[in-house]
Amino acid sequence: MESPRAEAELRTSQAGTLGTSSGFVYVAAVFAALGGLLFGYDTGVISGAVLFITKQFALSLFPTELVVAVVLLGAAVGALSGGRIADWLGRRLTLFITSLIFIAGAIVCALARSLPILVAGRLIVGLGIGLSSVVPVYISEISPANARGWQASLYQLAITIGILSAYLVDYAFAGSEGWRWMLGLAAIPGVLLGLGMIALPETPRWLLERGRADDARKVLRRIRGNADIEAEFQDIQNTLSVASERGRFSDLLLPAVRPALIIGVGLAVFQQVTGINTVIYYAPHIIQAAGISSASGAILATAGVGLVNVIMTVVSMMLIERVGRRPLLLTGIVGMIISLGVLGLAFQLSIRSTTLAWVAVITLMAYVASFAISLGPIFWLLIAEIYPLRIRGLASGTAATSNWASNLVVSLTFLSLVQVLGPSWTFWLYGVMAIAAWIFSYYLVPETKGRTLEEIEEHWRVLRHARTMGR
Ligand code: BGC
C-alpha cells in the first residue's frame, strides 16, 4: 500500500487537468440526457395507461402485471448487454441504437392489436431503458471534472421530468381513454435522441482506449473550447498504459476493480430496496390508502410528488460540486429513514383522521425529496465515474442490471407485503433497509468531487480503499 504522500504526489502531477468546457458540452449532455427522459416516461406512463389497456383487452390480474413488469425485465437485460456494447461499439453508437429501440418500442405498443404484441412492445421499450444507462457514462466521459457531478446528474433530472410528463400525459388522455397515445408519444424524444447522437461526437476516452489518438484529440478540442487539452490527453493515455483490465467479466473481480464493483452493486440494490418505486409506481394507491379517497385529490397529490422529485433533483445538482457526493448522500438517506418512519406511523393512525392522511402525503413528499437529493442522482453518477475506463461500460452495466433486478423484486412484492405486513410495517421495513444503506455508504462510498476520472482510476490501483479517496 502506498503512503498518503505518494497519493498526494500523484494528485499534484495531475493537477490542472480539471479542464474547462465549451458550450458544446452542455448541448451534448442535454441531448444524451433524453435517454433518461425516455426511461422516466416509459416507466411512469403505464400507471395511467394500464387502466384502459386492462379494459380493452379484458385482462385478468396476471396479464396486467405482465404488461407492467415486463419493462423491468427488458431493462435488466438491456443494462447488462448495453454496458458490453458500449465498450465494444462506443458510447455514441450504443445510444444511437438505443434511440432506434425506443422508437420501435413506442410504435409497436401504440399499434398493438393483441396482448402478445403489446407485451413484445413493452419488452422492446424495456431494452431501450436498460441501454439508456450508458447515458451517464457518455456524459461523465465528456465533462470536465469540476462539472461532471451536475452534468451527469442531468440523466436523473431527465428521469424525473420524464416521470412527471408521464403523469401529465396520462391525465390529459384519460378522458378519451387514449392509451395508444400515452405509449406512442415516447417516439418523439426517441427521434430527438437519435438525431442528437448522429450530430454528437464519441467520447475522447473511448476513442483513446481504441487507439484512435487523432480522433480523441479532435473531440477534446471540440469539447474543451480554447483550453489546453494536452494535459488531459496525456492523463488518459498514461492511465490506459498501466491498466491491466481487458474488458472481460472476470476483470470485475480484479483487486483494483472489486471495491468499486461492491459499491456500485450495493448502491444499486439499496436505491431500490428502500422503496422509491413503490411511491413512483403506486403513489395514487398509497395516497388513497392513507385516507384521501377522492380521485382528484389523489391525482393532485401524485403530481405534487412528481414535481417535488424534479425540483429536489435540481437542488442536488446545484449542491453536488460544492458540498460533494458523500455529504449529500448521507444527509438524504437520513431524510429517507426519518420519513419512512413517520410514514409508517401515519398509516397506523390515519384511519380516523383526514389531517393525518395529509401528514402521510407530506411525509411521502419529504421521502421523495430526500431520495432526489441523494440515492437518486448519486447512484447513477457514481457508477459512471468509479470504474476504470477499460471496463467502465461492463461494470456500470452490471450495477445497472442489479438496480433493475432489485426494482423488479420490490415492484412485484410491494402489494403482497402490504397485504401480509400492512402498510406501516412495509414502510418500516424499507426504513430498516435505508439504515443499512446509510451504514454501507458511510463506510464504503468514496468522495469523487473535483477529481478527474483518471485520478479516480489511479486511486483504486494505488490505495484501493474508498474512504481514502478525496481526503
Ligand atoms: C431510479 C428509478 C426511479 C427514479 C425516480 C431513479 O434513479 O433508478 O428506479 O424510478 O429514480 O426518480
Side-chain angles (χ1 to χ4, degrees), residues 34-54 57 59 61-82 97-112 114-135 155-156 158-167 169-170 179-187 189-190 193 268 271-272 276-283 285 306 380 397 400-415:
L34 282 170
L37 188 88
L38 283 151
F39 165 165
Y41 184 85
D42 277 321
T43 48
V45 77
I46 199 67
S47 62
V50 77
L51 304 172
F52 310 114
I53 292 173
T54 313
F57 295 111
L59 301 182
L61 192 64
F62 177 69
T64 307
E65 282 176 348
L66 194 64
V67 171
V68 177
V70 78
V71 157
L72 305 182
L73 197 68
V77 175
L80 194 61
S81 37
I97 296 170
T98 307
S99 74
L100 298 183
I101 293 179
F102 270 126
I103 298 167
I107 295 174
V108 172
C109 287
L111 301 180
S114 67
L115 179 69
I117 302 288
L118 184 61
V119 171
R122 293 281 293 160
L123 189 66
I124 298 172
V125 166
L127 286 175
I129 296 176
L131 282 162
S132 84
S133 54
V134 176
V135 168
Y155 180 61
Q156 175 70 17
I159 295 174
T160 60
I161 294 175
I163 294 171
L164 183 61
S165 339
Y167 288 158
V169 168
D170 279 358
W179 65 268
R180 293 181 189 280
W181 281 105
M182 295 175 190
L183 301 183
L185 277 177
L193 175 65
Q271 200 208 35
Q272 295 299 323
I276 185 63
N277 285 314
T278 62
V279 176
I280 300 293
Y281 302 162
Y282 298 102
H285 205 94
W380 291 109
T401 305
S402 322
N403 187 259
W404 287 109
S406 318
N407 187 338
L408 186 63
V409 171
V410 174
S411 308
L412 288 180
T413 51
F414 173 62
L415 292 180

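For Y41, there are no side chain to side chain donor-acceptor pair (under 3.5 Å) partners at least two apart in sequence or on another chain. In terms of the side chain to side chain donor-acceptor pair (under 3.5 Å) criterion, T98 has no residue partners (sequence neighbours excluded). In this structure D170 satisfies the side chain to side chain donor-acceptor pair (under 3.5 Å) test with no other residue, sequence neighbours excluded. Take W380 and apply the side chain to side chain donor-acceptor pair (under 3.5 Å) test, not counting sequence neighbours, and it matches no residue.
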Under 3.5 Å donor-acceptor pairs involving side-chain atoms of residues 102-111, not counting sequence neighbours:
none

Do any side-chain atoms of residues 116-131 form donor-acceptor pairs under 3.5 angstrom with protein atoms, and if so which ones, sequence neighbours left out?
from: R122; atom 1: NE; to: V67; atom 2: O; distance (Å): 3.0
from: R122; atom 1: NH1; to: D42; atom 2: O; distance (Å): 3.4

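In summary, the aromatic rings of W181 and F52 are positioned with their centroids too far apart to meet the 6.0 Å limit.
In this structure, OG1 on T64 lies 10.0 Å from CD1 on I46, to the nearest 0.5 angstrom. Atom-to-atom distance recorded for F57:CZ and L115:CG is 7.0 Å, nearest 0.5 angstrom. Atom CG of N403 sits about 4.5 Å away from atom CD of Q271, to the nearest 0.5 Å. Put simply, CG on L193 and CG on L34 are 6.0 Å apart, with the number rounded to the nearest 0.5 Å. The distance from the OG1 atom of T54 to the CD atom of E65 is 10.5 Å, given to the nearest 0.5 Å.
Closest of all the heavy-atom pairs between G190 and S99 is O-CB, 3.4 Å. Nearest approach of P189 to L37, heavy atoms of both residues: CB-CD2, 3.7 Å. Minimum heavy-atom separation, L408 to A69: CD1-O, 3.8 Å. Of all heavy-atom pairs spanning A75 and W404, the tightest one is CB-CD2, 3.4 Å. Listed here is the closest heavy atom pair of S406 and A268: OG-O, 4.4 Å.
Put simply, the side chain of I53 reaches to within 4.5 Å of the side chain of L183, judged on heavy atoms. Looking only at side-chain heavy atoms (C-beta outward), N277 and I280 come within less than 4.5 Å of each other. Taking the side chain as every heavy atom from C-beta outward, Y281 and N407 approach each other to under 4.5 Å.
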Practice task
Starting from the C-alpha separation in whole Å, work towards a yes-or-no answer on side chain to side chain contact (heavy atoms under 4.5 Å, CB included) for L164 and I161.
Solution key: CA-CA 5 Å; L164 183 61; I161 294 175; 5.7 Å; no
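Under a 3.5 Å cut-off, the side chain of Y282 and the backbone N or O of S411 do form a donor-acceptor pair.
If you check the side chains of Y155 and S132, you find a donor sitting under 3.5 Å from an acceptor.
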